[in-house]
Amino acid sequence: MRALQYRHVGSTPEVVEIDTPEPGPGEVRLRITAAGLCHSDSFIMGLPAEQYIYGLPLTLGHEGAGIVDKLGEGTVGVSVGDSVAVYGPWGCGHCHACAEGNENYCTNAAALGIAPPGLGAPGAMAEYLIVDDPRHLVPLGDLDPVESVSLTDAGVTPYHAIKSSLAKLYPGSTAVVIGAGGLGHVAIQILRAITSATVIALDLDEKKLALATEVGAHQTIVSGPDAVAAIRAATGGVGAQAVFDFVGAQSTLDIAREAVAMDGIIQIVGIGGGILPTGFFSTPFGAAVQAPYWGSRSELIEVLDLARRGAIKVYVERFTLDEGPAAYARLHDGTMSGRGVVVP
Ligand code: NAD
Ligand code: 9ON
Ligand code: ZN
Ligand code: ZN
């Protein structure tokens with residue numbers, strides 16, 4: 001089969017011919033219908049050798065959807081022909097977190113060598129993908145796989161961050177979304193769908209800000225030195241009850257810290273490597289800071305249901321597998337709007 005692989009530290013991804021994998025006992029093979037590009041892929045392909053922990057060669061793609069194509073011995077719970085989305089943050093299935101469906105916080109995954117597809121295990125940017133267990137599949141039903149595949153990460157990750165912040169997002173509150181890219185443009189829609197907060201979006205790029213307005217942001221602000229004053233002005237000096245940072249760079253964390261209200265919450269989703277000093281002299285009284293990772297199995301089901309009733313929609317740009325390397329170059333350059341999706 002053909003696959004898009006990251007093969008050497010510092011190289012660009014390549015389309016290669018590899019053996020088609022066979023499902024082992026309890027496993028499921030999917031024929032891939034769609035695989036999304038995430039900025040985290042760019043991040044890991046930019047890591048130096050001493051920090052790169054994802055194995056080589058790595059078939060990319062941690063947002064995957066497919067048709068169930070073959071079942072391993074004894075696999076039950078899905079049928080050949082089912083259209084499904086892949087829940088990516090695989091856990092052990094047995095610890096307390098996994099029992100709650102929070103496999104994104106599995107306490108055994110690291111020790112057992114369990115890694116998500118595309119972030120250690122072979123990923124979805126290929127004609128076929130092996131999924132370790134049918135519990136990591138959610139039925140798509142009539143949802144279009146290309147339009148919904150990114151809900152497995154660009155949807156569920158902001159959904160998880162927003163659900164954890166719901167107590168702050170009361171009527172009259174303000175939510176700030178920093179970075180209106182793949183995750184951010186879905187975050188704006190989730191905020192509009194499940195809260196009555198006023199949504200302010202920040203980005204450096206006017207095209208991303210235009211998309212933010214199109215998907216429901218009440219106000220947009222160019223990210224930079226004047227952003228904090230603009231957020232304070234928009235909130236009568238109070239600040240934002242919740243700030244969702246989908247960049248995580250030092251400059252955006254500084255904005256988040258200065259723009260959050262007393263007793264508010266900052267959710268650091270972006271992995272831009274910045275540091276946010278937290279404490280009595282650093283953050284407003286009562287303000288909380290969280291750095292969430294991906295989302296739970298039930299949250300993925302909920303996000304797919306939001307899409308099914310038309311409340312959220314991923315703005316997708318399609319690419320073939322051969323166009324994958326060029327698509328990653330666009331993501332790296334910041335010229336991708338919404339989400340790039342490879343259709344093998
Ligand atoms: P993306 O490239 O699609 O979007 C990033 C957006 O941020 C772009 O619109 C870009 O113009 C904007 N931006 C860049 N610098 C900015 C700045 N200084 N101020 C305001 N906006 C700025 O990326 P994505 O795929 O949406 O991922 C967003 C981040 O979230 C990445 O860091 C990614 O690695 C991370 N991520 C984290 C998790 C998690 O579980 N914590 C999951 C998925 C992705
Ligand atoms: O889903 C993503 O994009 C994040 C959680 C991956 C980050 C990583 O390096 O594992
Ligand atoms: Zn991701
Ligand atoms: Zn577990």
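Just follow the structure's listing: the first ligand is 1, and inside any ligand the first atom is 1.
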Atoms of ligand 1, numbered as shown, that sit under 4.0 Å from any heavy atom of G179 = 6 (C), 7 (O), 12 (C), 21 (N)
R31 side chain near E127 side chain, heavy-atom distance below 4.5 Å = no
query = Please state which protein non-hydrogen atom is closest to atom 28 (C) of ligand 1 and give its distance, to 0.1 Å?
reply = F246 O, 3.1 Å
inquiry  = Does any part of the side chain of V78, heavy atoms only, come nearer than 4.5 Å to the side chain of L71, both counted from C-beta?
reply    = yes
ask   = Got a sec: is C98 within less than 2.8 Å of the Zn ion (ligand 4) via an N/O/S atom?
value = yes
request  = Evaluate the side-chain proximity of H185 to V314: yes if any heavy-atom separation is below 4.5 Å, no if none is.
outcome  = yes
request  = Pick whichever of D153, L331, V156 has a heavy atom sitting closest to atom 43 (C) of ligand 1.
outcome  = D153
message = Under a 3.5 Å threshold, yes or no: a donor from one side chain and an acceptor from the other, between Y159 and E302?
response = yes
request  = Indicate, as side chain, backbone, both or neither, the part of T252 found under 4.0 angstrom from ligand 1 when only non-hydrogen atoms are considered.
outcome  = side chain
Region of K208 engaging ligand 1 - heavy atom pairs below 4.0 Å = side chain
ask   = R339 near ligand 1, heavy-atom distance under 4.0 Å?
value = yes
request  = Identify, for atom 40 (O) of ligand 1, the protein heavy atom at the shortest distance, and state residue, atom and that distance.
outcome  = W294 N, 2.7 Å
request  = Specify the closest pair of heavy atoms between A259 and I231, including all atoms of both residues, with the distance to one decimal.
outcome  = CB-CD1, 3.8 Å
request  = Dump the intermediate steps for side-chain hydrogen bond (donor to acceptor under 3.5 Å, both in side chains) on Q5 and T59, then the final yes or no.
outcome  = CA-CA 4 Å; Q5 289 193 331; T59 300; 3.0 Å; yes
Test item, C38 contacting ligand 1 (heavy atom, 4.0 angstrom) = yes
inquiry  = Rounded at 0.5 Å granularity, tell me how far CZ in R29 sits from CD1 in I67.
reply    = 13.5 Å
request  = Locate the shortest heavy-atom distance separating S164 from Q290; write the atom from each residue and the value.
outcome  = CB-OE1, 3.8 Å
Every pair of nitrogen or oxygen atoms between ligand 2 and the protein that is under 3.5 angstrom apart - can you list them with their distances to 0.1 Å?
unit_1: ligand 2; atom_1: 1 (O); unit_2: H62; atom_2: NE2; d: 3.4
unit_1: ligand 2; atom_1: 1 (O); unit_2: D153; atom_2: OD2; d: 3.3
unit_1: ligand 2; atom_1: 3 (O); unit_2: S40; atom_2: OG; d: 2.5
unit_1: ligand 2; atom_1: 3 (O); unit_2: H62; atom_2: NE2; d: 3.1
unit_1: ligand 2; atom_1: 3 (O); unit_2: D153; atom_2: OD2; d: 3.4
unit_1: ligand 2; atom_1: 9 (O); unit_2: Y54; atom_2: OH; d: 2.7

message = Give me the atom names and distance for the closest heavy-atom approach of E323 to R318.
response = OE1-O, 4.3 Å
request  = Return yes if some donor-acceptor pair links the side-chain N/O of E214 with the main-chain N/O of L211 below 3.5 Å, else return no.
outcome  = no
remark   = With heavy atoms and a 4.0 Å threshold, my read on which part of P292 contacts ligand 1 is backbone
Heavy-atom closest pair, residues A201 and A217 = CB-CB, 4.0 Å
query = Under 4.5 Å between any side-chain heavy atoms of F246 and H39, yes or no?
reply = no
ask   = With backbone taken as N, CA, C and O and side chain as the heavy atoms from C-beta onward, which portion of S40 lies under 4.0 Å from ligand 1: side chain, backbone, both, or neither?
value = both
note = One finds that the ligand 1 atoms under 4.0 Å from a non-hydrogen atom of G182 are 1 (P), 3 (O), 4 (O), 26 (O)
message = As a test of understanding, state which of D203, I200, V176 forms a side chain to side chain contact (heavy atoms under 4.5 Å, CB included) with I221.
response = I200
The single option from I53, I271, L119 passing side chain to side chain contact (heavy atoms under 4.5 Å, CB included) against I44 = L119
request  = Just let me know how A180 lines up against ligand 1, side chain, backbone, both or neither, with a heavy-atom cut-off below 4.0 Å.
outcome  = backbone
ask   = Y293: heavy atom below 4.0 Å from ligand 1, yes or no?
value = yes
Under 2.8 Å: N/O/S of H96 next to the Zn ion (ligand 4) = no
ask   = Which is closest to atom 26 (O) of ligand 1 by heavy-atom distance: L183, T335, I221, L253?
value = L183
ask   = Which residue and non-hydrogen atom of the protein lie closest to atom 23 (O) of ligand 1, and at what distance in Å?
value = H39 CB, 3.1 Å
query = In the protein, what heavy atom is nearest to atom 32 (O) of ligand 1, and what distance, to one decimal place, separates them?
reply = I271 N, 3.0 Å
inquiry  = I need the Q250 CD to I255 CD1 distance, nearest 0.5 Å.
reply    = 11.0 Å
Which atom of S150 lies closest to which atom of R339, heavy atoms considered = OG-CG, 3.0 Å
task = Considering heavy atoms of the protein only, find what lies nearest to atom 19 (N) of ligand 1 and give residue, atom and distance to 0.1 Å.
result = S223 OG, 2.7 Å
ask   = Which residue holds the protein heavy atom closest to atom 37 (C) of ligand 1, what is that atom called, and what is the gap in Å?
value = V269 O, 3.1 Å
request  = Report, in ascending order of atom number, the atoms of ligand 1 lying under 4.0 Å from any heavy atom of G181.
outcome  = 3 (O), 4 (O), 6 (C), 9 (O)
ask   = Between H62 and W294, what is the ring plane arrangement, given parallel below 30°, perpendicular above 60°, and tilted in between?
value = perpendicular
query = To which protein heavy atom is atom 30 (O) of ligand 1 closest, and what is the distance rounded to 0.1 Å?
reply = G270 CA, 3.5 Å
key: Shortest reach to atom 11 (O) of ligand 1 by a heavy atom, considering only D205, D203, D41, N104   = D203
inquiry  = Can you check which of T157, I44, V247 brings a heavy atom nearest to atom 13 (N) of ligand 1?
reply    = V247
inquiry  = As a quick check of understanding, evaluate side-chain hydrogen bond (donor to acceptor under 3.5 Å, both in side chains) for Y87 and E103, giving each step before the final call.
reply    = CA-CA 9 Å; Y87 174 79; E103 296 202 26; 5.7 Å; no
inquiry  = Could you tell me if the side chain of L306 sits less than 4.5 Å from the side chain of I194, heavy atoms only?
reply    = yes
ask   = Considering only protein heavy atoms, which is closest to atom 16 (C) of ligand 1, and at what distance to one decimal place?
value = L204 CD1, 3.5 Å
query = Can you give the angle C92 SG - the Zn ion (ligand 4) - C106 SG, rounded to 10°?
reply = 100°
